[in-house]
Amino acid sequence: MSKKICAIYLLILVLATVALLMRTSKDHDTDLSHSFHPDDSGEILQSDYYSMWPGDYTVTMEYEAAEDTEIRLRLNKDGDPYPAVLPPEESLFQFPMHLEDYTDTLHFEYDLSHQDVFTVKRIHLSSEGLLYSDSLFEGILFFLTGLAIFLYLRSKRFREKTRAEKGMILVMALCVIFSSIPFFRTDLHFGWDNYAHRSRLDGIMQALFNHEFPVVIYPDKCNGFGILGMVYPQLPLYVPAIFRMLHVSSPVCISFVFIVNNVCAALFSYICGMVVFHRDSKKAFLFTVLFTLAPYRLIDMYNRCALGEVIAISFVPLIIAALYLITSEQIEDKRTGFLAVILMTAGMSGVINSHILSIMYCTIFIALFVLSSIRRFLRWRPWCVLMESAFFVFLVCIGFLIPFLKFYFDGLSNESVEHDSFEGYAGVLDIFRNFDFSTGLIYTNLSWIGAVLFILSVIAVAVKIRNKKWEGDDRFMLTSLIISIFFVITAVKEFPWDFLRAHSSVILKMTSVAEFRFRIMLVAVPLFLLASLYFVLDSEMIRPFTKYLVPGICLLSLISILPGFVGEMKDGVMYTKMSGGASEDISWEYRPKGVHSEHYQNPQLFWSDEGLVIEGYDKDGIRIHFRYTAERDGSYADVPLLYYYGYGASALGQDGKKHKLAIGRGEEYRVRIFLPREYSGSEVDFSYRGFRLVYLIEGLSMLAFAVFLAWFLFSARGRIDDAPES
C-alpha cells in the first residue's frame, strides 16, 4: 500500500469514527408497554426488568380514564414515589424524573377505589444525554478494528499471500460481518435465553461493584436474597461486565460478545480446516464459510440467544482438529503432539468455561471417537497426548469445576440443570427443510446446503468403497461422518428415547440433565460439515467441477439462510438499551431446589423468639450490619440472604475484638446467624467472605489460563504452519 492510499484509509477511518460518535442520540427512547404487568391486586403496574443508570428521564403515559386517577411512580422498590393525577379529558401525561442510583425495576401504583375504568395503553421512557457511553464504546471498537485491519493489510504476512488467498480472506470476513448484522444496532432481538444471560451479566456487574472477585453471589437478584453465580460458567462475561460497569448498556455488551464469538468461530474453524486438510487453504476456507453460516449456529444466536451454547460450538472445531492429530500417524512426532495438546486444551477449556451441557455432549463425542478408533489407541503415544491434554484442561478449568461440583453435590445446584423437558422438535425429513428464524420450530435444521452435502458425500463414499481406494484420512473422516449422522438422528423425534429412558436409569438421568435433545447438534453440525466436505472435494467424480463447486456451495449456503435472516430482521420484539434483562419471575431457575418463591417476597430480617431484639438493621447487597440484644443462649436470626458456603459474621465484643459467629442454614435456605448472649449489645458485621479453596483454585485457574492463552497465541500458529501439506 502506498503512502497516499494509507493516508486516505486512515482519514476515512477517523472521519467514520467521528460520524459514529456524532450518531449518539440526544434522546434515547424506549417503549415499555410490552414489559409491564399488573400484580395480583391490579393496583400496581410493574416492569419486568430495565437496566436504568442514574440520570434524567422523561416518562410519557398514554392512558384512558373515566375520572381523575391518582398515580405514584417509583423507579425502584425503595425509591420515593412521584405523585401525579391523570385527568380523564387527557390521553397523554408527561413528567420528568431524576434517578440517583442504578435500578432494574419501574413501578406504577394507582388508586382504583373510586372508578372502574383505567387503562394504561403505552409507557414511553426517554433520556437526554444519558447513554453516550454506548456510542463511545462502539466508536472505540470501530476505530481499533479499522486500525487492526490496516496494520494487517500492511503486514508482510498478508503481502505474501496470493490473490486467491486474499479473496478468501475477504469472503470469510464478509461472512463474519453478515452473521453479525443483527448485532450492529443499539437494540437486541427477543430470544429465549436473553433474559437469563443478561441477568447473569448484570449479576456479575453488581458483584464486582460489591468488591466480590471471583464472583460467587449475584447480590441483587432474587429480591435481594442473592443467587449463586457459579452454577453457570462465567468467564466469557467478565469482560462485558466490566463494560457494564462503565455504563455500556447490556444489549450492546451482549451484542459485543456475539460479534467476538463470530470472529472466533471463523478463526477456529479455519484452524481446524488447515490442520485436517493439510494446509489446503481453499478447503479450510470453504469449511469456515459453511460453519460460520451454519443454520443451527445462527438460530442459536438470533432466535434462542443461547449465549453459552453459541460460544461452546465455536470451540468444537478445535476438538475435532485435536482428535484428528491424535489418531494420525504423525502423532509420534513431538511437534504434532504439542499441537494436539494445544488444540484439545483450548477446545475443551472453551467449552467447559462456556456451557455446562456442552461439556457432556463433547465428552460423549470424544469417548465415541476413541472407541471407534480403538486400533489407533492401542499405541502409547495417543493415550499420552490425550491424558496430557486432560491434565491441562483440568488445570485451566479448575476454577469453575471444583466450586461448581461442590455447590452441586451439596444441594445448591441450578434448578435448570436438571428437569425433565426432553422433547423432540423435528422429524427426520425436517432436518434438511429450510427454516425461519422467527418461528423457532425446527432446531435440528441443516437446510438445503446440508441436503446437498449429504447426498454428494454418500455418493463419494460409495464410489470410494467400490473402487477400494481407501487412503490415509478416509477412515477418520468416515468415522466423523457416521458419528455426526448418529448425533443428528438422536436429535429427531423418531429416535426411541422414550423406550430407552423407560429401561435405563442412566439414560433417564442424562436426558433429564440435557433438557432438549436438539442440543447435541452443536457437535453434529461442525463434524458433519467437515466430514461431508472432505468426501465431496476429494471425490474423483466431482473434482473436475471443484472450480464451480466452491463458489456454488458458498452461494447456496448464503441463499439457504437468507429467508430466515430477512424474517428475523423484520419480526420479533426488540430490546433497547434500557430494556430487557431478567425479572425475578425468571430468576427462579438459579435458586436451590425445593425452595418456595413466597418465602423471598419480604426482604426483612426475622428472628427466633421475642427475647431477641434487633436494632440499627442495615442491608446493602451481601453486607448486613445490626446490633442485637439476646436474653438467652441459642438465639438466632434468619437474614434475607440465600445460604451458600462462604458467608461470615463477627460481633464486636466488649474487649474491642471481633469474635466470629456461627453460620448455618435456616428455613428455606436462608442464612442463619447464631447470636450468643455473651455478645449481647454488640454490633454484628455480616457479608459473603468466600472460602479459601475457591480463591486458591480460582487464582491457580486464572494463572493457568493466562499462561496457556499466551502459549496458544504465540505457538499455535507456527505449529499449524509446520503441519504436513497435502
Side-chain angles (χ1 to χ4, degrees), residues 264-265 267-279 283-284 287-288 291 311-354 358-359 361-374 376-377 379-397 472-473 475-477 479-481 483-484 487 522-531 534 704-705 708-709 711-713 715-724:
C264 291
L267 176 62
F268 296 159
S269 57
Y270 185 74
I271 291 174
C272 175
M274 289 291 283
V275 170
V276 173
F277 294 128
H278 304 285
R279 294 175 58 195
K283 294 179 180 179
F287 174 60
T288 301
F291 181 70
I311 296 175
I313 194 176
S314 301
F315 285 92
V316 173
L318 296 181
I319 299 175
I320 298 173
L323 288 174
Y324 169 79
L325 292 176
I326 292 173
T327 56
S328 68
E329 297 293 339
Q330 291 83 14
I331 194 61
E332 301 297 336
D333 179 56
K334 290 185 177 181
R335 294 180 301 173
T336 304
F338 177 75
L339 177 59
V341 171
I342 289 180
L343 293 175
M344 180 62 79
T345 304
M348 278 304 295
S349 298
V351 170
I352 291 173
N353 283 290
S354 303
S358 299
I359 303 173
Y361 293 133
C362 290
T363 303
I364 292 173
F365 161 57
I366 294 173
L368 286 177
F369 213 98
V370 170
L371 290 174
S372 61
S373 307
I374 195 64
R376 298 291 179 94
F377 282 91
R379 298 173 295 171
W380 171 249
R381 180 62 177 167
W383 280 112
C384 183
V385 173
L386 196 60
M387 292 301 102
E388 190 177 344
S389 302
F391 171 76
F392 282 112
V393 168
F394 179 75
L395 193 63
V396 172
C397 302
D473 294 340
R475 193 177 302 277
F476 174 86
M477 290 301 180
T479 302
S480 301
L481 187 62
I483 292 177
S484 67
F487 281 165
L522 74 93
V523 176
V525 167
L527 199 61
F528 170 79
L529 291 176
L530 187 71
Y534 168 83
F705 176 79
F708 179 79
L709 182 62
W711 187 26
F712 176 77
L713 293 176
S715 300
R717 186 180 66 183
R719 300 294 176 179
I720 292 170
D721 290 341
D722 290 338

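- Within the 4.5 Å cutoff, side-chain heavy atoms of Asn353 are placed close to those of Cys397.
- Annotation: side chain of Leu325 is not in contact with side chain of Gln330 (no heavy-atom distance under 4.5 Å).
- Enclosure of atom CZ in Arg475 is not indicated, since only 12 or fewer non-hydrogen atoms of other residues, nucleotides or ligands lie within 6.0 angstrom.
- For Tyr534, the ring-ring contact (aromatic ring centres under 6.0 Å, His included) test picks out no residue, with sequence neighbours left out.
- Rounded to the nearest 0.5 angstrom, Leu339 CG and Asp333 CG are separated by 10.5 Å.
- With a 4.5 Å cut-off on side-chain heavy atoms, Phe487 and Phe528 do not count as touching.
- One distance of note links CG of Leu343 with SG of Cys272; it measures 8.5 Å at 0.5 Å rounding.
- Looking at Leu318 and Met344, their side chains never come closer than 4.5 Å, going by heavy atoms from C-beta outward.
- For the pair Phe277 and Leu530, the minimum side-chain heavy-atom distance is below 4.5 Å.
- Ring geometry, Phe268 versus Phe315: the interplanar angle falls from 30° to 60°, so the pair is classed tilted.
- Side-chain contact check for Ile320 versus Phe369: every heavy-atom pair is 4.5 Å or farther apart.
- Separation of atoms OH (Tyr361) and CZ (Phe365) is listed at 15.0 Å; rounding is to 0.5 Å.
- When side chains are defined from C-beta on, Pro317 does not count as touching Ile271, because their heavy atoms never get closer than 4.5 Å.
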N/O donor-acceptor pairs under 3.5 Å from side chains in residues 382-395, not counting sequence neighbours:
residue, atom, partner, partner atom, Å
Trp383, NE1, Phe377, O, 2.4
Ser389, OG, Val385, O, 2.8

